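Beneath this line is the structure, given in structure tokens, with notes to follow.
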Amino acid sequence: MLDFEDALQRLLAGANPITECEAVPTQAAAGRILATGLRSPIDVPPLDNTSMDGYALRCADVGAKGSQLVLAQRIAAGSVGHTLAPGTAARIFTGAPLPAGADAVVMQELCSLDGANVTINHLPHAGEWIRRRGEDIAAGAEVLGAGTQLSAAHVGVAASVGAAQLTVFRRLKVALFSTGDELAMPGEPLKPGGIYNSNRYTLRALLEGMGCVVDDLGIVPDSREATRAALRAAAAGNDLILTSGGVSVGEEDHVKPAVEAEGSLDLWKIAIKPGKPLAFGRVGGKVSAGTQGAGAGALCVPGTPLRGQVTAAKLGAGDTAAGAAFIGLPGNPVSSFVTFLMLVRPFILKAQGAATVAPRAQQLRADFDFKGDPRREFLRARLNAEGGLDLFPNQSSGVLTSCTWADGLIDNPPGHAIRRGDTVRFLPFAELL
């Protein structure tokens, strides 16, 4: 079986980063990957200003607590005062520019106003409650680097330097379908032997959470022809095809031979638990790095609504596939969920142009005993009130409730037994979702 790190590196080597990009309004850029770095044309803040409501003054004019100064001016945010004369103070409000000559601000709670005079009941020091020009960002500095996945804070920083638009990579287009005659959609009655298709909902939510445009092709019947037709339809106009189920070698597992007929495939047995089987390949014509999907500057479109089953009739006789990467996940719900987070997620991030694809881990205390397994395990666990980790009691690959109970995954090396009090490597879902 393949080592996890070997499998991950093979996947990443096959991820062709998108090069097409587009300019989007900064207010709509959260979640996107920045294509070009952003430099600030201005200092932030643009002028020395106060971080507190109070009185701007000269420290030299306050020899002792209780000194009185003449109130000479009032400066609100958005206005500019005049030079502060010796022996005077300026009433000033948070964010307002500091008047020339002032070297400190005393908060209003430490002052008292009596007519035209203000009593300073505090001995100030130079620079007190002053935010200096360029303290946050200096003009010309790069504030956001290419490959940054933009968060709310990132778009706020972009707005603070006056960027109305940001250049981002176009969204990755992902076709998604499930295989299995036993699958039913929520709202439909279950036939004998049937199960509801949770993977379709889990994987679609994961993809959309990563900013992908999802082409949801529904449930594909367990037949070679239907699977081949679905693959041809999915390869037309998408960068990646993601499936769950049918990647093993049983008589009813049609994905492997169908992908081999429509392109190329490697079927891997990865030494991890959960999620041993994973298929990786390409469907349709070969595409060089950076040329997948629509042309440069193509605008993203919202994901298509949920659809039903795909049959051969979905693809016309004259249709052709442009080519797409293919990843086939195992069908067990926890296996599908975990292999997406640990293997598909970094593949998508690299394809999207992200500079960083590895999640940040925490070193935390295990408050349980665990015997370990010959394979590398990703254990569902959550933080407890004492700052340690509790383990979900049933680590079966079919128990999806373990993923809603947990706060993340413990990355446990092969053959490693965990003893209560040991330090373990924890991957929070906040880093993975």
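FYI, side chains are in, hydrogens and waters are out, and symmetry mates aren't considered; it's all heavy atoms of this structure. Bear in mind that the values here come from a model prediction, so they are computed numbers and not experimental data.
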Are the side chains of [Y] and [X] in contact, using a 4.5 Å heavy-atom criterion?
{"X": "Val259", "Y": "Thr243", "answer": "no"}
{"X": "Arg419", "Y": "Asp422", "answer": "yes"}
{"X": "Val105", "Y": "Tyr55", "answer": "no"}
{"X": "Val168", "Y": "Cys21", "answer": "no"}

Are [X] and [Y] close enough that a side-chain donor and a side-chain acceptor fall under 3.5 Å?
{"X": "His416", "Y": "Glu377", "result": "no"}
{"X": "Asn197", "Y": "Ser178", "result": "yes"}
{"X": "Arg380", "Y": "Gln395", "result": "yes"}
{"X": "Arg91", "Y": "Gln108", "result": "yes"}

For this session: Determine, step by step, whether Asp43 and Arg133 satisfy the salt bridge (charged side-chain N to carboxylate O under 4.0 Å, His left out) criterion, reporting the C-alpha distance in whole Å, the side-chain angles of both residues, the deciding distance to 0.1 Å, and the verdict.
Result: CA-CA 6 Å; Asp43 290 319; Arg133 175 178 179 172; 2.9 Å; yes

Problem set entry | Test applied, side-chain hydrogen bond (donor to acceptor under 3.5 Å, both in side chains); reference residue, Arg32; option that passes from His154, Gln352, Glu22 | Glu22

Exercise. CH2 of Trp268: more than 12 outside heavy atoms within 6.0 angstrom?
Worked result: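 Buried by this count: over 12 neighbours within 6.0 Å.
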
Exercise. Of Ile418, Asp411, Leu379, Leu391, which is the lone residue that meets side chain to side chain contact (heavy atoms under 4.5 Å, CB included) with Val424?
Worked result: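 The passing option is Ile418.
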
For this session: I would like to know whether Phe378 and Phe337 meet ring-ring contact (aromatic ring centres under 6.0 Å, His included); could you show each step before the answer?
Result: CA-CA 11 Å; Phe378 295 97; Phe337 179 72; over 10 Å; no

